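Because the structure is predicted, anything quoted here is derived from the model rather than measured.
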Amino acid sequence: MSSPPSSSSGKALDFEAASKSAVASVEFLKFKPQDDIAGGVQVTSFSEVVDEVTLHFQIIRLAKQIYVWIGSTSANLGNLYAAAPTRPNNTVSVTSILGGVSDNTGSGIARRLVLKTGLNIIVACNIPKNNPMLEANAEKKLIEKLIALGYSRPKSQSSGPGLSSS
């Protein structure tokens with residue numbers, strides 16, 4: 001049995017309309033630079049060899065915060081820290097969300113990133129323990145990338161976390 005010609009052309013038109021709608025939806029949902037849309041999301045991933053260890057980084061920039069993951073041998077989350085500017089003394093508060101209290105790998109990175117960016121920071125760190133030089137060099141590479149992406153605050157505001165309402 002064959003269907004009438006009018007219904008097949010109707011199906012073709014419906015398919016074409018649906019395809020155009022889907023393409024328009026995908027274009028709308030694509031990640032755009034932070035300046036283009038308020039509350040946009042930017043995801044940046046890169047790898048670097050630091051002190052003969054390959055480190056993988058992922059930076060997710062949200063409207064008023066940055067999520068950073070640093071890992072070496074596996075894609076495990078690792079220790080997770082949250083850091084934020086606190087008032088009234090323009091200090092930084094850091095808390096451990098996941099991980100042991102005896103291993104603070106990543107807490108210093110989270111604290112210094114708040115000072116550098118003025119934003120709330122979440123850091124997941126899964127790098128070898130008891131290697132302060134590796135942690136320091138990983139932080140250096142991360143800050144270089146954040147500066148290149150334009151996420152650091154201008155030099156004139158670097159004295160404290162600076163809480164802006166924007």
Value rounded to 0.5 Å, distance of CD in Glu139 from NZ in Lys116: 10.0 Å
Side-chain heavy atoms of Ile147 within contact of Ser152, under 4.5 Å: yes
Minimum side-chain heavy-atom gap Val43-Tyr67 below 4.5 Å: no
Flag side-chain contact, heavy atom, 4.5 Å: Arg61 against Leu119: yes
Heavy-atom side-chain proximity of Tyr81 to Ile121 below 4.5 angstrom: no
Over-ring placement of Lys145 relative to Phe57, 6.0 Å and 45° cut-offs: no
Separation of Asn120 CG from Ser93 OG (nearest 0.5 Å): 10.5 Å
Under 3.5 Å: donor-acceptor pair, side chain of Arg111, backbone of Val92: yes
Gly106 versus Val123, closest heavy-atom pair with distance: O-CG1, 4.1 Å
Nearest non-hydrogen partners of Pro85 and Gly118, listed with the distance: CG-O, 4.0 Å
Atom pair CG (Leu98) and CG (Asn79), whose distance is rounded to the nearest 0.5 Å: 8.0 Å
Where Ile70 and Ile127 come nearest, the two heavy atoms and their spacing: CG2-CG2, 3.6 Å
Side chains of Leu113 and Ile66 in contact at under 4.5 Å (non-hydrogen atoms): no
Donor-acceptor contact below 3.5 Å, side chain Thr86 vs main chain Thr91: yes
Heavy-atom pair of closest approach, residues Ile59 and Phe46: CD1-CE2, 3.9 Å
pair His56-Trp69: side-chain heavy atoms closer than 4.5 Å: yes
Separation of Ile122 CD1 from Leu62 CG (nearest 0.5 Å): 9.5 Å
Rounded distance [0.5 Å steps], OG in Ser107 versus CD in Glu135: 7.0 Å
Reported CG-to-CG distance for the pair Leu134 and Leu55, which is rounded to 0.5 angstrom: 5.0 Å
